[in-house]
Amino acid sequence: MSNATLASITDLVRETATTDNAEVLQWVTEVAELTQPDSILWCDGSQDEWNRITSEMVEAGSLIPLDKNLRPGSFLARSHPADVARVEDRTFICSEDEADAGPTNNWVAPAAMRAELMPLFEGSMRGRTMYVVPFSMGPVGGAITQLGIEITDSPYAVLNMRIMTRMGQQALDGITPGSEWVRTVHSVGAPLVDGAEDSAWPCNDTKYITHFPDTLEVWSYGSGYGGNALLSKKCFALRIASVMGKNEGWLAEHMLLLKLTNTETGKDYHLSAAFPSACGKTNLAMLQPTIPGWKVETIGDDIAWLRPGKDGRLYAINPEAGFFGVAPGTGESTNPVAMETLWGNTIFTNVALTDTGDVWWEGMTDTVPEHLIDWQGNDWTPESGRPAAHPNSRFTVPIQQTPSLARDWYEQDGVPLDAILFGGRRATNVPLVAQSRSWNHGVFVGATISSEKTAAQEGTVGELRRDPFAMLPFCGYNMADYWGHWLEMGEQLGENAPKMFQVNWFRKDEDGKFMWPGFGDNSRVIDWVIRRVEGEHTGVETAVGTIPAPGELNLTGIEEVEKDLDKIFAIDPASWLAEADLTEEYFAQFGDRLPQALTAELDALRERLGK
Ligand code: GTP
Ligand code: SPV
Ligand code: MN
């Protein structure tokens with residue numbers, strides 16, 4: 001680029017900037033010089049700004065406004081058919097030392113990755129607007145809160161970031177000279193040169209989702225989708241934040257967060273749960289109990305940050321401000337709270353469009369519409385023989401629209417945790433619920449979770465894979481070190497540590513049918529969990545943990561489940577011993593970084609299984 005153009009880009013940044021923080025200005029200037037946008041917009045997070053961006057996108061054909069009476073303030077976006085999920089094989093952790101990324105991450109040295117990326121980013125925003133999106137993860141000023149900026153050329157990403165984070169001027173003002181903040185850069189990788197026409201969903205066949213934990217940076221290229229493009233989410237709040245947490249003594253987790261109140265005693269509890277992608281976090285976070293005695297309120301559905309508080313307990317926040325939830329399977333009968341939340345102000349991505357200008361997806365209603373426009377924009381009827389909505393289609397909606405939102409979401413410094421759940425999608429072997437014997441046993445359970453793959457990541461749905469702590473795609477450093485960090489946290493918390501449980505809503509019978517009704521009825525499991533925390537239930541010890549004693553699990557109203565209960569809780573020593581062998585193989589890849597405590601837990605498990 002000529003010096004004249006460089007000078008004009010510097011001017012453009014200075015003229016448009018809404019901060020005088022020199023560090024921020026310098027970084028934005030560097031990125032602008034590299035990517036060469038036509039214009040720059042510093043986002044203030046206002047309603048005006050939202051209105052302007054949505055109007056422009058509707059005009060350009062990249063957003064479809066929904067009927068104002070049916071779904072006010074809401075829009076449908078259709079992605080490129082090949083840009084529909086996170087791309088785990090294009091996701092990289094670029095730590096200086098390969099061993100720090102660990103065997104479960106793709107690694108490239110930072111300098112090598114920069115050399116690969118910079119030519120791609122060079123001029124990648126030509127013909128486009130570069131948006132500077134400041135955001136806060138957690139309440140500005142909170143004890144667990146962190147700040148960041150996303151630079152992006154995707155207005156779709158900007159709109160989603162406004163819903164998903166506390167985005168705008170307040171966050172930018174919070175970034176003071178010398179303070180810690182995370183720098184994230186995103187480009188769809190589709191420059192508009194020589195008057196080229198834009199497409200409705202620009203993206204590039206070449207994709208890179210790269211993380212530089214040593215310098216707290218994310219560089220994402222080529223995708224407009226969810227976790228690839230909303231860099232506050234998986235890239236920052238999990239991959240980068242997990243490293244920050246390791247260094248600073250806290251935890252960044254793929255967990256929902258909820259509040260339970262015992263309506264008889266008035267006592268409240270807080271619980272978090274780690275389930276892999278598309279395995280029920282949003283649903284559990286919005287749980288409507290089917291048994292009396294409990295009020296459940298939502299704090300978060302995807303990410304929780306955990307940090308010991310002054311009183312020695314473990315405190316948690318939901319750093320996000322919205323839900324990016326799976327649409328299919330969300331309906332009146334499964335998740336009425338979500339359905340109510342989605343009344344308006346929602347961006348839908350890759351769902352179907354009805355003839356009345358509303359949205360539809362599989363499982364939304366019992367009756368299937370006779371005609372729809374499917375997620376790719378084609379006519380659809382029930383005879384079409386393909387889903388109308390993409391299996392990983394999503395809604396983006398402000399958390400404050402949730403009727404079940406707990407006041408605790410606003411708590412500056414988070415809420416104290418009483419219990420932590422680990423789960424996955426397991427058709428066999430794993431019982432409905434089992435309490436871990438100790439913190440270390442709980443860490444072992446979390447570390448060895450496997451789950452059937454879902455549509456949330458590219459690849460084969462249904463295949464069983466290890467997904468420790470539901471963090472396999474999200475841990476920004478060596479997984480064995482991460483387990484070590486959890487073990488240390490337990491030592492620090494001691495008696496104050498939350499209790500740990502393994503759950504599985506997905507066990508199937510011989511005919512492939514789910515044996516446990518799930519959804520609202522999961523309140524029965526939560527009821528048992530809290531009564532264990534309170535020491536009200538004695539439970540029965542098994543080789544894999546404590547399960548409910550006969551009569552402890554409240555089945556009033558679903559007595560038909562009684563006949564399957566033995567199968568729902570069956571623990572077959574032979575299959576568990578076979579899994580223990582697989583665990584040993586799995587652990588082996590971590591070499592001497594594997595914490596000794598986990599080997600000890602594996603030995604103890606085999607012992608209890610009667611080897
Ligand atoms: P991510 O946003 O990808 O992290 O997913 P998530 O963990 O929030 O998953 P979500 O709650 O959106 O659920 C994903 C799918 O699991 C949906 O199709 C739900 O209908 C289904 N599901 C959730 N809870 C249950 C349950 O208790 N039983 C059964 N059988 N299915 C469930
Ligand atoms: C997940 O896949 O776990 C999600 C969706 O929550 S994404 O934001 O794409 O990561
Ligand atoms: Mn998730």
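Keep in mind that the numbers below use all heavy atoms, side chains included, and drop hydrogens, waters and symmetry copies. As the structure is a computational prediction, the values presented were derived from the model and not from experiment. Counting convention: from 1, in listed order, for ligands and their atoms alike.
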The atoms of ligand 1 lying under 4.0 Å from a heavy atom of His254, numbered in the order shown, are 4 (O)

In this structure, does ligand 1 have an atom that sits under 4.0 Å from one of the heavy atoms of Pro517? no

request  = Decide whether an N or O pair under 3.5 Å exists between Gly226 and ligand 2.
outcome  = no

Q) Would Phe324 count as a contact for the Mn ion (ligand 3), in the sense that one of its N, O or S atoms lies under 2.8 Å from it? A) no

Under 4.0 Å from one or more heavy atoms of Thr282, ligand 1 contributes atoms 6 (P), 8 (O), 11 (O), 12 (O)

Ligand 1 atoms nearer than 4.0 angstrom to some heavy atom of Pro276 are 7 (O)

When distances are taken from atom 9 (O) of ligand 1, the protein heavy atom at minimum range is Gly280 N, 2.9 Å

(Q) Using a 3.5 Å distance criterion without hydrogens, assess whether the side chain of His485 forms a donor-acceptor pair with backbone atoms of Gly245. (A) yes

*Side chains of Arg524 and Asn522: do they bring a donor and an acceptor to under 3.5 Å?*
no

Within 4.0 Å of some non-hydrogen atom of Phe514, the atoms of ligand 1 are 30 (N)

min-distance protein heavy atom vs atom 15 (C) of ligand 1 -> Arg425 NH2, 3.7 Å

Ranked by distance from atom 3 (O) of ligand 2, the top protein heavy atom is Ser277 OG, 2.5 Å

Within 4.0 Å of some non-hydrogen atom of Asn522, the atoms of ligand 1 are 27 (O)

All heavy atoms of Ala352 vs all of Ala389, minimum pair found to be N-CB, 4.1 Å

Residues Phe348 and Ser74: closest non-hydrogen pair is CE1-CB, 4.3 Å

Would you please determine whether Gly325 falls within less than 4.0 Å of ligand 1 on a heavy-atom basis? no

The atoms of ligand 1 lying under 4.0 Å from a heavy atom of Arg394, numbered in the order shown, are 1 (P), 2 (O), 3 (O)

Restricting His254 to its N/O/S atoms, the closest one to the Mn ion (ligand 3) is NE2

Checklist entry - Do Lys233 and ligand 2 have an N or O pair less than 3.5 Å apart? => result no

Answer key: the N, O or S atom of Asp302 nearest to the Mn ion (ligand 3) is OD1

Check: Are Thr334 and ligand 1 in contact, using a heavy-atom cut-off of under 4.0 Å?
Finding: no

Here the pair of heavy atoms bringing Cys475 nearest to Asn105 is O-ND2, 2.9 Å

Problem set entry | Geometric class of the Trp483/Tyr586 ring pair [parallel <30°, tilted 30-60°, perpendicular >60°] | tilted

| request: Would you indicate whether the side-chain heavy atoms of His537 and Pro548 approach each other to under 4.5 Å? | output: no

> Should Ser232 and Met137 count as side-chain neighbours, where that means a heavy-atom distance under 4.5 Å?
Replying inline: yes

Electrostatic pair Asp467:Lys453 at N-O distance under 4.0 angstrom | no

Apply side chain to side chain donor-acceptor pair (under 3.5 Å) to Ser154 and Tyr131, showing your working.
CA-CA 8 Å; Ser154 159; Tyr131 301 88; over 6 Å; no

closest protein heavy atom to atom 19 (C) of ligand 1 is Asn283 ND2, 3.6 Å

Atom 4 (O) of ligand 1: closest protein heavy atom, distance to 0.1 Å, is Lys281 NZ, 2.8 Å

min-distance protein heavy atom vs atom 5 (O) of ligand 1 -> Ala278 N, 2.7 Å

One finds that the ligand 1 atoms under 4.0 Å from a non-hydrogen atom of Asp302 are 4 (O)

Looking only at protein heavy atoms, what sits closest to atom 17 (C) of ligand 1 is Pro328 O, 3.9 Å

Residue, atom and distance of the protein heavy atom nearest atom 26 (C) of ligand 1 read Phe519 N, 3.6 Å

Out of Arg86, Lys234, Met164, the nearest non-hydrogen contact to atom 6 (O) of ligand 2 is supplied by Lys234

Shortest non-hydrogen pair, Pro202 vs Val188, comes out as O-CB, 3.5 Å

